Amino acid sequence: QTTFTFKFCPHSAVGQFWCHQQGQVEIDGLLVGRRPQEGEVLFIIEAKSDQGRSELAKHKLVYPTLGLLPSTSAYMKVVPVYMRVRRERDALVFYIAECSLPTAETTSIDELEVVRTSAWAMQW
């Protein structure tokens, strides 16, 4: 947990920006990786264990992304990732949704979009 100050719009239909002033933000995980043609990528991870709900509170990814962007190198792409793990018989299944967010200056929470999904199973 850390605190960040940033501006955001709660919904694109509102059109008014609010200030998240030194507010607490929880980040489940950060990972820097390298992708071909993209270079270094900062993955901001929100992780949940399956408790019957499959919906994501978008602010759980938007707030850490907006908070970290000012201290991220300009060349580094920032990718919010939602990960849910579910126990199924003899395996743990990881459902992963890679998201995108428009530029920080014009960001509304509802503009977070899922761009790629995958599932990975780890059997025992």
Side-chain angles (χ1 to χ4, degrees):
Q1 295 178 349
T2 188
T3 57
F4 292 113
T5 297
F6 54 85
K7 291 183 180 179
F8 71 97
C9 184
H11 194 279
S12 55
V14 172
Q16 183 177 3
F17 284 84
W18 295 357
C19 185
H20 189 269
Q21 184 72 36
Q22 287 299 305
Q24 187 171 327
V25 175
E26 182 180 322
I27 301 171
D28 289 341
L30 294 173
L31 174 71
V32 175
R34 187 177 302 272
R35 285 183 163 168
Q37 286 81 40
E38 288 182 298
E40 289 185 344
V41 179
L42 173 63
F43 296 96
I44 300 173
I45 302 166
E46 173 66 20
K48 298 287 181 205
S49 62
D50 191 22
Q51 299 171 350
R53 295 181 56 179
S54 61
E55 298 164 1
L56 167 65
K58 289 184 174 186
H59 75 280
K60 294 278 197 169
L61 281 171
V62 173
Y63 285 11
T65 301
L66 293 177
L68 288 167
L69 275 175
S71 58
T72 304
S73 297
Y75 68 85
M76 187 179 291
K77 182 177 179 179
V78 177
V79 177
V81 175
Y82 178 56
M83 182 175 65
R84 178 172 294 280
V85 63
R86 175 184 295 166
R87 186 175 180 173
E88 295 182 4
R89 294 186 185 170
D90 62 345
L92 290 176
V93 181
F94 296 84
Y95 298 95
I96 301 167
E98 184 178 318
C99 303
S100 71
L101 197 60
T103 60
E105 298 81 34
T106 60
T107 299
S108 299
I109 292 175
D110 64 301
E111 293 178 300
L112 181 78
E113 293 182 337
V114 175
V115 294
R116 182 178 304 141
T117 60
S118 60
W120 298 84
M122 186 171 73
Q123 294 184 315
W124 60 80

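Predicted, not measured: the structure shown is a model, and the values here were computed from it. Quick note: numbers below take in every heavy atom, side chains included, and nothing from hydrogens, waters or symmetry partners. Numbering of residues begins at 1 and proceeds along the displayed sequence.
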Pairwise distance OG1(T107) to CZ(F8) - rounded to 0.5 angstrom
11.0 Å
What distance do R87 atom CZ and S49 atom OG have between them, rounded to the nearest 0.5 Å?
12.0 Å
In chain order, what residues pass the ring-ring contact (aromatic ring centres under 6.0 Å, His included) check against H59, with sequence neighbours excluded?
Y63
If you look only at distance, which donor and acceptor atoms sit under 3.5 Å apart when one is on a side chain in residues 12-27 and the other is two or more places apart or in another chain?
| residue | atom | partner | partner atom | Å |
| --- | --- | --- | --- | --- |
| S12 | OG | D110 | OD2 | 2.8 |
| H20 | ND1 | F4 | O | 3.3 |
| Q22 | OE1 | T3 | OG1 | 3.2 |
| Q22 | NE2 | T5 | OG1 | 3.0 |
| Q24 | NE2 | Q1 | OE1 | 2.6 |

Sub-4.5 Å side-chain heavy-atom contact between E111 and P102:
yes
The side-chain contact (heavy atoms from CB on, under 4.5 Å) partners of K48 (sequence neighbours excluded) come to E46, K60, Y82, R84
Side-chain hydrophobic cluster, 4.5 Å single linkage: members besides V114:
none
Quick one: closest heavy-atom pair of P10 and I109, and the distance?
O-CB, 3.6 Å
Report yes if some heavy atom in the side chain of V115 is under 4.5 Å from a heavy atom in the side chain of C99; otherwise report no.
no
Taking side chain as C-beta onward, heavy atoms only, is L30 less than 4.5 Å from I45?
no
Can any side-chain N or O of D90 pair as donor or acceptor with the backbone N or O of Q123 at less than 3.5 Å?
no
Considering only Ile, Leu, Val, Met, Phe, Trp and Tyr, and joining two whenever side-chain heavy atoms are under 4.5 Å apart, list the other residues clustered with Y95.
V93
If you look only at pairs with a residue in residues 112-124, which of them pass as a salt bridge (charged side-chain N to carboxylate O under 4.0 Å, His left out), with sequence neighbours excluded?
E98-R116
Are V32 and L101 in one and the same hydrophobic cluster, where Ile, Leu, Val, Met, Phe, Trp and Tyr link if side-chain heavy atoms are under 4.5 Å apart?
yes
Taking distance alone, no hydrogens or angles, what donor-acceptor pairs closer than 3.5 Å link side-chain atoms of residues 67-78 to residues at least two apart or in another chain?
| residue | atom | partner | partner atom | Å |
| --- | --- | --- | --- | --- |
| S71 | OG | L68 | O | 3.1 |
| T72 | OG1 | L68 | O | 2.7 |
| Y75 | OH | E40 | OE1 | 3.0 |
| K77 | NZ | E38 | OE2 | 2.6 |

Which atom names give the shortest non-hydrogen contact between R89 and W124, and what distance separates them?
O-CZ2, 3.9 Å
